[in-house]
Structure formats: structure tokens, C-alpha cells
Amino acid sequence: MKRLLIIFSVVILTLVVISSLALAMEKKGDVIILKAACDHQEDYSTVQGLYLMGKLTEKWTNGRIKIDVYPGAVLGSEKETIEQTQMGVIDINRVSVSPVISVYPKMAVFALPYIFASREHMWEVLEGEIGQTMLSEIEPTGFIGLAYMDSGARSFYTVKKPINSPADLKGMKIRTQKSPVMMDMVEAMGGKPVPMAFEEVYSALQTGVIDGAENNPPSYYETSHYEVAKFYSLDGHAMVPEITLMSTKTWNALSDTDKQIIKMAAIAAQELQRKLWLKDEVTSMNKVIEAGCKISTPEKGPFMEAVKPVYEKYASEYLELIEKIQSLAK
Ligand code: BDP
């Protein structure tokens with residue numbers, strides 16, 4: 001009887017493992033089709049990066065692996081697609097680091113307000129030991145960190161008035177990503193954080209559910225948020241990188257050669273996106289100015305002062321890492 005029970009449980013376990021791999025790896029004949037999610041629209045730099053990743057992967061595997069890119073959050077919000085990536089339903093996912101913090105808390109240091117002194121400082125960290133270690137340390141949470149992408153600096157945009165200092169945020173309902181660090185930051189500045197999916201922000205601004213949000217210029221433009229929140233106050237409070245993740249379930253079903261190919265293609269995507277990003281930052285700012293948005297550049301000092309409690313909260317756990325990051329600022 002006991003022997004039967006053991007055989008039965010081994011059979012069940014094997015079926016579960018095979019079905020979960022099957023879930024992750026759709027196949028059409030000998031061709032593996034990987035699903036890639038992104039919540040930006042077709043012509044956004046992150047989606048263009050994923051398209052290149054697909055093209056190179058198909059070329060370097062002689063057509064054995066194809067990547068179907070699903071832009072525009074058609075597979076769900078970032079929080080939803082992160083869960084689906086962990087389950088292996090989605091194979092590749094380009095997301096902001098912010099929502100990844102809930103599954104990999106250490107990455108909060110990359111979303112701390114003003115942690116990066118410049119774009120060059122951010123890439124020095126991401127491409128160096130700190131960023132690369134994070135890409136490998138994330139594995140136990142169900143993801144392989146393949147590469148990063150640029151997301152510039154995030155600033156407040158509001159419906160009724162500009163944000164010239166943190167005092168202007170007092171009592172304002174400000175949308176944030178579903179991320180503790182972003183919520184803590186808005187709260188420290190005197191605002192009321194309203195965590196919400198990216199896709200819901202436009203109507204929330206339009207209907208007055210929120211008084212404002214915060215993001216980089218290409219996102220502010222691409223989502224048309226500039227139409228309903230015309231005051232863009234460039235306090236540059238956070239430079240939150242993007243990250244390209246692969247489901248560990250998908251990764252483990254690939255050969256070592258194919259793993260290397262996917263990794264190289266993701267890095268090529270990162271490099272293309274960085275180039276496109278620099279151009280998009282300029283063009284999107286010009287477009288929102290042409291559309292009559294009121295751009296202001298408030299003094300950063302008071303904002304940096306206001307967010308000190310956020311550092312104190314995260315420094316208790318990640319002080320050494322934060323100091324290492326800050327030491328790399330030229
Ligand atoms: C954009 C990121 C995108 C996030 C969005 C947000 O590229 O991944 O979903 O911000 O604020 O800058 O949710």
C-alpha cells in the first residue's frame with residue numbers, strides 16, 4: 001500500500017512539473033513561442049527594444065525560438081503580469097522596478113527618491129556589481145533578471161496648480177505605482193498617495209479621483225496624461241529603472257545555449273532602448289510644451305529635505321547598499 005502511495009505521488013508531481021513547463025513554453029511544431037509583456041504602446045522605446053530582442057532571438061536560434069510581444073498592457077497591469085510571469089504564463093516581462101519590490105524588497109534602493117545623481121550614475125550602478133548582482137539574486141523569487149532599461153527621471157504633473165515646493169502637495173491625491181517606496185515618498189512630501197494601475201490614471205485625472213501623478217516625459221506624453229494634467233513640475237524625484245524579467249520556469253526549460261542567446265538579445269534590447277530613450281525624452285517634452293503644458297523647474301533642495309524620512313526607513317535595512325550606490329556618484 002505504502003509503495004503504491006509513493007508511486008502515485010511521484011506520478012502526480014511529475015505531471016505537475018510537466019504541465020507547468022508546458023504552461024511556460026508554448027510550442028508550434030519545433031518552434032518555441034515565448035510571450036513577452038509590456039505596458040507601453042507599440043512605438044514606445046521599451047516595446048521597440050522587445051521587438052529587437054525577438055528578432056535577434058529568432059535569428060540566433062535559426063527560427064527555433066520566437067518572441068510574441070504583447071504591448072499596451074493587453075496581458076494585464078504590471079502587478080498582474082508580474083504574478084503571471086512568476087507562474088510561467090508569461091515568459092518575458094518588461095516592467096518598472098517599482099512593482100518588483102513587493103516580490104524582491106532589496107530592489108527598493110533603486111526606487112529611493114534622488115538615489116541616483118545622474119543618468120551616468122544610474123548606469124554605473126546598474127551595469128556594475130550592484131546592478132548585476134541584483135539580476136542574479138532575484139532568481140529565487142521566480143524571475144531571471146535579464147537586463148535593465150532607461151526610464152529617465154519622474155516628476156509630478158497636476159491638474160489645478162504647479163508644484164513649486166513640497167508644501168504645494170499638501171492634501172493632494174497623487175497616483176503612485178503599487179510600490180511602498182513611491183507611496184512613502186509622496187506621503188513624506190505631504191501628498192496623499194493613491195496606488196493605481198498605470199492604465200487607470202488618465203480617467204482618474206479626468207474625473208478628479210486624483211489631483212495628479214508622477215512620471216517621466218515620454219510616459220506623460222504617450223499616455224496623454226498631459227491633456228488632463230497640464231502642470232508638469234520637473235522636481236525629478238526618482239529615477240526608477242526598468243527591468244526585463246524572464247520566468248524562471250521558462251528559463252529552466254531552455255538549453256544553456258538558448259539561455260545565452262536570450263540574455264544577449266535582452267542586452268541588445270537594453271542598448272537600443274537607451275538610445276531611443278534619449279531622443280524620446282526631448283521629443284516628448286517638445287510635444288507637451290507645444291500642447292500648452294506649463295513646465296516649471298522647482299528648486300530640488302526642499303524636495304530632497306522632505307524625503308529624508310524615506311531614507312531613514314529603508315536605510316535601517318539597506319544602509320551599506322545605499323552608501324555603496326551613493327559612493328559611485330561622480
Ligand atoms: C513608466 C514605466 C512603466 C510603469 C509606469 C507607471 O515605464 O513600466 O508601469 O511608469 O507609472 O515610466 O506605472
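When a ligand or atom number is given, it counts from 1 through the structure's own listing order. Bear in mind that the values here come from a model prediction, so they are computed numbers and not experimental data.
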What atoms of ligand 1 come closer than 4.0 angstrom to any heavy atom of [X]?
X      : value
His40  : 1 (C), 2 (C), 3 (C), 7 (O)
Ser151 : 12 (O)
Glu242 : 2 (C), 7 (O), 8 (O)
Ser219 : 1 (C), 12 (O)

Counting heavy atoms under 4.0 Å, the part of Glu199 that contacts ligand 1 is neither
Under 4.0 Å between heavy atoms, the region of Val240 that gets near ligand 1 turns out to be neither
Can you classify the ring geometry of His40 versus Phe198 as parallel (below 30°), tilted (30 to 60°) or perpendicular (above 60°)?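 Geometry flag for Phe198 against His40: perpendicular rings.
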* Are side-chain N/O atoms of Tyr44 and Ser219 paired as donor and acceptor at under 3.5 Å? -> yes
Regarding Glu227 and Tyr202, is there a side-chain donor-to-acceptor distance under 3.5 Å anywhere?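 On atom types as modelled, these side chains qualify, holding a pair under 3.5 Å.
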Considering non-hydrogen atoms of the protein only, which is the closest contact for [atom], and what is the distance?
atom                    : value
atom 12 (O) of ligand 1 : Asn215 OD1, 2.7 Å
atom 9 (O) of ligand 1  : Asp39 OD2, 2.5 Å
atom 13 (O) of ligand 1 : Arg175 NH2, 2.8 Å
atom 8 (O) of ligand 1  : Glu78 OE2, 2.6 Å

Only pairs under 3.5 Å count here: list side-chain donor-acceptor contacts from residues 297-310, not counting sequence neighbours, and write none if there are none.
| residue | atom | partner | partner atom | Å |
| --- | --- | --- | --- | --- |
| Glu299 | OE2 | Gly301 | N | 3.4 |
| Glu305 | OE1 | Lys308 | NZ | 2.9 |

Residues 104-118 vs salt bridge (Lys or Arg N to Asp or Glu O under 4.0 Å), sequence neighbours excluded, gives Lys106-Glu137
Exactly one candidate in Val109, Leu126, Val125 meets side-chain contact (heavy atoms from CB on, under 4.5 Å) with Met134; the answer is Val109
**Prompt:** Is ligand 1 less than 4.0 angstrom away from at least one heavy atom of Glu214?
**Reply:** no
Checking Lys279, Arg274, Arg119, Lys275 against Asp150 for salt bridge (Lys or Arg N to Asp or Glu O under 4.0 Å), the one that qualifies is Arg119
